[in-house]
Amino acid sequence: MGCCNHSHDEASHCCGQAGTSSEMTAMSEEQRERVLDIIARHRDTPGALITVLREAQAVVGYFPPDLIECIAEGMNIPGSDVFGVVSFYSLFSLTPKGRHTIKVCTGTACYVKGIREVINRIASEYGIREGETTEDRRFDLEGVRCLGACGLAPVMVVGGDTHGEVSADRVLELLKKYA
Ligand code: FES
């Protein structure tokens, strides 16, 4: 049984601390504490793994190896099972994400109105393709199907902001405010 199955205090002696090399430890101390709280709240609830994973990702942003190990120990399941669930669902990420996600609509209306030129401009300026993250973790670029605002085509969403009638000429200016 993993040490995270006991009290929070006992759990704090594992989960990315003792016996873990620094290069494997991607969580900060504060994040680790918050993850331990999440595990403590859910570990006695059957079928709670997805809930724990969602909440843990909200804290850490993605699943570094020490987070997977911590959850496996805390929930008393094999690390390979946790890894399997994380890699199966697109909702979860094994790599760090950017601070801002750019969702570009590749639906028919946006395609006809020139979203491809917008995507190409972003790609050449920031050196990323769809599904990638900039090296400085400023942006993720995601292609999505119809954002439901076809009347504003071509459309992109950055964070919670919807931008309609985007053009290749205007898009870099729009992105400047997302630091
Ligand atoms: S096709 Fe782009 S919003 Fe509908």
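Please read all numbers here as calculations on a predicted model, not as lab measurements. Read the numbers this way: they start at 1 and go in the same order the structure lists the ligands and their atoms.
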query: S167 and D169: side-chain donor and acceptor closer than 3.5 Å?
result: no

Looking at [X] and [Y], would you say the former's side chain and the latter's main chain have a donor-acceptor pair under 3.5 Å?
{"X": "R137", "Y": "G98", "value": "no"}
{"X": "D66", "Y": "M27", "value": "yes"}
{"X": "E125", "Y": "I122", "value": "no"}

Same apolar cluster (I L V M F W Y, side chains within < 4.5 Å links), V144/V118: no

field: Protein-derived N, O or S atoms lying under 2.8 Å from atom 2 (Fe) of ligand 1, waters excluded
entry: 2

message: Show, in sequence, the C-alpha distance, side-chain angles and deciding distance for E173 and R170, and conclude whether the salt bridge (charged side-chain N to carboxylate O under 4.0 Å, His left out) test is met.
response: CA-CA 6 Å; E173 191 62 34; R170 221 162 50 88; over 6 Å; no

